[in-house]
Number of protein chains: 2
Amino acid sequence: MYSQAEENYLKALFSLSNFNGEVNVIDLSRELAIKMPTVTSMMKKLAGKNLVHYESYKPLRLTEKGKIEAALIVRKHRLTEMYLVEKMGFGWEEVHEVAEQIEHINSPAFFDKLDQLLGHPKVDPHGSPIPDKQGNMDVMEYRNLGQCEKGDTVKVAAVTNESDEFLMYLNSKEIYLGLEMVILSVDPFDGLIVVCYSGRSPEAISQKVWERLLVEKLEKDPQNRK
Amino acid sequence: MYSQAEENYLKALFSLSNFNGEVNVIDLSRELAIKMPTVTSMMKKLAGKNLVHYESYKPLRLTEKGKIEAALIVRKHRLTEMYLVEKMGFGWEEVHEVAEQIEHINSPAFFDKLDQLLGHPKVDPHGSPIPDKQGNMDVMEYRNLGQCEKGDTVKVAAVTNESDEFLMYLNSKEIYLGLEMVILSVDPFDGLIVVCYSGRSPEAISQKVWERLLVEKLEKDPQNRK
DNA sequence: TATTTTTGTTAGAGATGTCTAATTTTTGGT
DNA sequence: ACCAAAAATTAGACATCTCTAACAAAAATA
Ligand SMILES: [Mn+2]
Ligand SMILES: [Mn+2]
Ligand SMILES: [Mn+2]
Ligand SMILES: [Mn+2]
C-alpha cells in the first residue's frame with residue numbers, strides 16, 4: 001500500500017508525537033537521519049495522501065488516517081519482535097533491527113499468524129504496547145525511575161531505548177522486564193539512584209540508564225509477596 | 001548488499017539457467033515481467049559488479065560469484081517457506097508470495113536461526129533443494145511423471161510450479177510430497193495418465209498437471225512396503 | 001539469398017527518494 | 001523593534017529503476 005520510505009516517516013511521526021501531536025521538521029529529520037528538504041517534500045506527498053496535515057512553517061501533525069496507518073506498522077514491528085523473542089529464542093537486544101525490516105512485509109496472513117501463535121500479546125519484549133488491528137494503542141501510565149523516591153518498591157515495566165548496547169548493559173546487570181527493585185537512595189546532585197534487587201548487593205544506577213527505564217510503582221506492602 | 005531489484009534479477013537468471021547456463025534477454029524479461037530495455041541496462045549494471053557475463057547480443061550467463069549470490073537468495077527463500085509451513089502452520093500453497101518478500105531481509109542471524117530451528121533441512125515444502133551456506137545446491141534427479149510407464153510405482157518428490165491454484169488443486173486431490181502412486185495407464189494421444197494412490201479409486205491426471213509433478217521411481221518390489 | 005520476424009540495444013523520459021546550496025520565515029535575545 | 005540564530009522551504013541535481021519509441025542485429029523463412 002505505502003512504500004517503505006513512507007512507512008518509516010509515518011512511524012517516526014507517530015513516535016515523536018507528543019501530548020499535542022505536533023512534530024517539527026527538524027526533529028523528524030534527526031530521527032530518520034534524513035535532511036530537512038527531503039522531509040519537507042515527503043510531508044507534502046503524505047499530505048496529498050491525507051496522512052499528514054501540512055502547512056508551510058507550521059508543525060506537522062498526523063491525520064486520523066495517518067495515526068491509524070502508523071499504529072498498524074508499529075503493530076507489525078512489535079508483533080515481530082515478540083515472536084522473535086518468544087518463539088525463536090532471540091534476546092531482546094537482537095530483534096529491533098530485523099523487525100525494522102520485517103515490519104514492511106505486506107502479508108496480513110503472516111502477521112495474523114504471529115498474533116495468533118503468540119496468543120494476542122498486549123506488549124512487546126521491550127514493554128511497549130502493541131496496537132490492536134484497528135490501530136488503537138493503550139497508553140501505559142508508567143513512571144520514570146527518577147520520579148520515585150527512597151523506599152519505593154518498583155517493577156521494571158519497559159525500556160525507552162532499544163539499542164543493543166543499552167540492552168546488553170541491562171543483561172549484564174541482570175535487569176529485565178518484571179524485575180522488582182527497592183530504591184535505597186536517590187542523590188539529588190548527580191542523579192545516582194542506588195537500588196537492590198534479586199537479593200544482590202546494592203547497585204548504583206546512573207541517570208543515563210534510569211532515564212531509559214520505565215517502572216510501575218508497587219504498593220508498600222512487603223507482606224503479601226515473597 | 002544488493003538491492004531488492006538486483007536480487008530478483010539474480011534469482012531469475014539462476015532459475016532460468018539451463019544445462020549450459022545461458023539465458024536470453026527476452027526470457028528474463030518475461031520471467032520478471034520487466035521490459036527488455038530495462039533488463040539490458042540492469043545486465044550491464046550486474047556485469048559491472050561481476051555478477052553476470054554480458055556481451056551485446058550474446059546470451060546472458062551468471063558468473064561464479066553471481067551463481068553463489070543467487071543461490072544464497074534462493075536459500076533464504078526456501079528456508080523461509082519451510083519455516084512457514086513446518087513451524088507456523090501455513091499450507092504449502094500460502095507461502096511463496098510472502099517468501100518472495102522475506103528473502104530480501106538482510107539478517108544472517110535470522111536465517112541462521114530458521115535453519116537451526118528446522119534442523120538444517122535439505123528441501124523446501126515444494127520439494128526443491130535448499131542451497132547450503134556456501135551456495136552449493138544439490139541437483140535432484142527426479143523425473144517427470146510423463147517419463148514413466150504403466151505399472152511403475154512412483155513417489156511424488158517435488159512440484160515445479162508454486163501457484164496457489166495448482167497447489168490447491170493438488171490439495172483437493174489429496175496429492176502431497178511423499179505420496180506413492182501406481183501408474184495404471186498412459187494415453188499416448190491426449191497424455192492422460194491414470195493413477196491409483198492412498199487406496200482411493202483411480203484418478204485421471206491431465207498433462208497440464210503431471211507436467212508440474214516430479215517423481216522418484218521406486219523399485220518394483222511390492223513386498224517390503226505395505 | 002532476400003525478406004520478414006524476432007530479439008536486443010540506444011535514446012530519452014518519468015517516478016521515487018535522496019542530497020547540497022541558496023533563500024525565506026520564524027524565533028529568541030538584546 | 002532589531003538583529004542574529006534556528007528552522008523550514010525552494011531550486012536544482014543525482015541515483016535507481018522503470019517505461020516507450022526508434023533503431024540495429026540476428027535468426028527464421030521464403
Ligand atoms: Mn523495536
Ligand atoms: Mn522500518
Ligand atoms: Mn517459492
Ligand atoms: Mn523477491
Side-chain angles (χ1 to χ4, degrees), chain A residues 1-14 16-18 20-62 66 69-70 73 100-101 103-106, chain B residues 1-14 16-18 20-62 66 69-70 73 100-101 103-106:
Chain A
M1 193 77 177
Y2 302 107
S3 72
Q4 190 153 324
E6 289 170 334
E7 292 191 344
N8 284 336
Y9 281 94
L10 285 175
K11 203 156 62 89
L13 279 164
F14 189 76
L16 291 175
S17 293
N18 50 28
N20 60 359
E22 297 192 341
V23 178
N24 298 318
V25 172
I26 199 170
D27 296 325
L28 192 49
S29 168
R30 272 196 272 259
E31 173 79 8
L32 292 166
I34 286 172
K35 297 290 183 289
M36 285 202 291
T38 310
V39 170
T40 296
S41 71
M42 181 58 94
M43 288 308 101
K44 290 176 178 172
K45 190 174 165 206
L46 294 183
K49 296 185 177 190
N50 199 19
L51 294 163
V52 169
H53 294 293
Y54 177 79
E55 288 177 87
S56 281
Y57 298 104
K58 296 264 181 68
L60 308 166
R61 277 178 308 117
L62 284 170
E69 297 298 340
I73 303 158
E100 223 26 75
Q101 298 177 62
E103 69 191 1
H104 304 292
I105 298 291
N106 173 20
Chain B
M1 194 80 177
Y2 301 108
S3 72
Q4 191 153 324
E6 289 170 334
E7 291 192 344
N8 284 336
Y9 281 93
L10 285 176
K11 203 155 62 86
L13 279 164
F14 189 75
L16 290 176
S17 293
N18 51 26
N20 60 358
E22 298 192 340
V23 179
N24 298 319
V25 172
I26 198 170
D27 296 325
L28 192 49
S29 168
R30 272 195 272 257
E31 173 79 8
L32 292 167
I34 286 173
K35 297 290 185 290
M36 284 201 291
T38 310
V39 170
T40 296
S41 69
M42 181 59 94
M43 289 307 101
K44 290 175 177 174
K45 188 174 166 207
L46 294 183
K49 297 185 177 190
N50 199 18
L51 293 162
V52 168
H53 293 294
Y54 176 79
E55 288 178 87
S56 282
Y57 298 104
K58 295 264 181 69
L60 307 165
R61 277 178 309 118
L62 284 170
E69 297 298 340
I73 303 159
E100 248 344 281
Q101 299 177 61
E103 69 191 2
H104 304 292
I105 298 290
N106 173 20

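To find a chain, count down the sequence lines: A is the first, B the second, and so on, and within it residues start at 1. These numbers were taken from a predicted model, which means no experiment stands behind them.
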Next item on the list: Can you sort out the partners of A:K58 under salt bridge (Lys or Arg N to Asp or Glu O under 4.0 Å), two or more places apart, ordered by chain and number?
Entry: A:E55
Check: If you take all heavy atoms of B:L51 and B:E69, which pair is closest and at what distance?
Finding: CD2-CG, 3.8 Å
Next item on the list: Produce a footprint string for nucleotides 18-28 of chain D: one letter per nucleotide, 5' end first; B if the base is under 4.0 Å from any protein heavy atom, S if only the sugar-phosphate is, - if neither.
Entry: BBBB---SS--
Margin query: Rounding to an integer number of Å, can you tell me how far B:N24 CG sits from C:dT9 P?
Written below: 10 Å
Next item on the list: Whole angstrom is fine here: how far is it from CE in A:M43 over to P in C:dT16?
Entry: 15 Å
Item checked: d(CZ, B:R30; P, C:dG8) in whole Å -> 9 Å
Checklist line | Nearest-Å distance for atom pair CD/P, residues B:E7 and D:dT16 | finding: 15 Å
Check: Given atom CD1 of B:I26 and atom C1' of C:dT7, what is their separation to the nearest angstrom?
Finding: 6 Å
Atom pairs and distances, side-chain donor-acceptor, residues 33-43 of chain B, under 3.5 Å, sequence neighbours left out:
{"residue": "B:T40", "atom": "OG1", "partner": "B:M36", "partner atom": "O", "Å": "3.3"}
{"residue": "B:S41", "atom": "OG", "partner": "B:T38", "partner atom": "O", "Å": "3.1"}

Distance-only check: which donor-acceptor pairs under 3.5 Å involve side-chain atoms of residues 6-14 of chain B, not counting sequence neighbours?
{"residue": "B:E6", "atom": "OE1", "partner": "B:S3", "partner atom": "N", "Å": "2.9"}
{"residue": "B:E6", "atom": "OE1", "partner": "B:K49", "partner atom": "NZ", "Å": "3.4"}
{"residue": "B:E6", "atom": "OE2", "partner": "B:K45", "partner atom": "NZ", "Å": "3.2"}
{"residue": "B:E6", "atom": "OE2", "partner": "B:K49", "partner atom": "NZ", "Å": "2.6"}
{"residue": "B:E7", "atom": "OE1", "partner": "B:H104", "partner atom": "ND1", "Å": "2.7"}
{"residue": "B:N8", "atom": "OD1", "partner": "B:H104", "partner atom": "NE2", "Å": "3.0"}
{"residue": "B:K11", "atom": "NZ", "partner": "B:E100", "partner atom": "OE1", "Å": "3.1"}
{"residue": "B:K11", "atom": "NZ", "partner": "B:E100", "partner atom": "OE2", "Å": "3.1"}
{"residue": "B:K11", "atom": "NZ", "partner": "B:E103", "partner atom": "OE1", "Å": "3.1"}
{"residue": "B:K11", "atom": "NZ", "partner": "B:E103", "partner atom": "OE2", "Å": "3.2"}

Check: Over how many whole Å does the gap from B:L46 atom CG to D:dT16 atom P extend?
Finding: 12 Å
Check: Quick one: does A:N20's side chain have a donor or acceptor within less than 3.5 Å of a partner on A:E22's backbone?
Finding: yes
Check: Rounded to the nearest Å, what distance is computed from the CG atom of residue B:L60 to the P atom of nucleotide C:dT7?
Finding: 14 Å
Item checked: Short side-chain N/O contact to D:dA8 OP1/OP2 from A:Y54, under 4.0 Å -> no
Checklist line | Verdict with reasoning, B:E31 to B:D27, per side-chain contact (heavy atoms from CB on, under 4.5 Å) | finding: CA-CA 6 Å; B:E31 173 79 8; B:D27 296 325; over 6 Å; no
Check: Closer than 4.0 Å, any side-chain N/O of B:K44 to the OP1 or OP2 of C:dT10?
Finding: yes
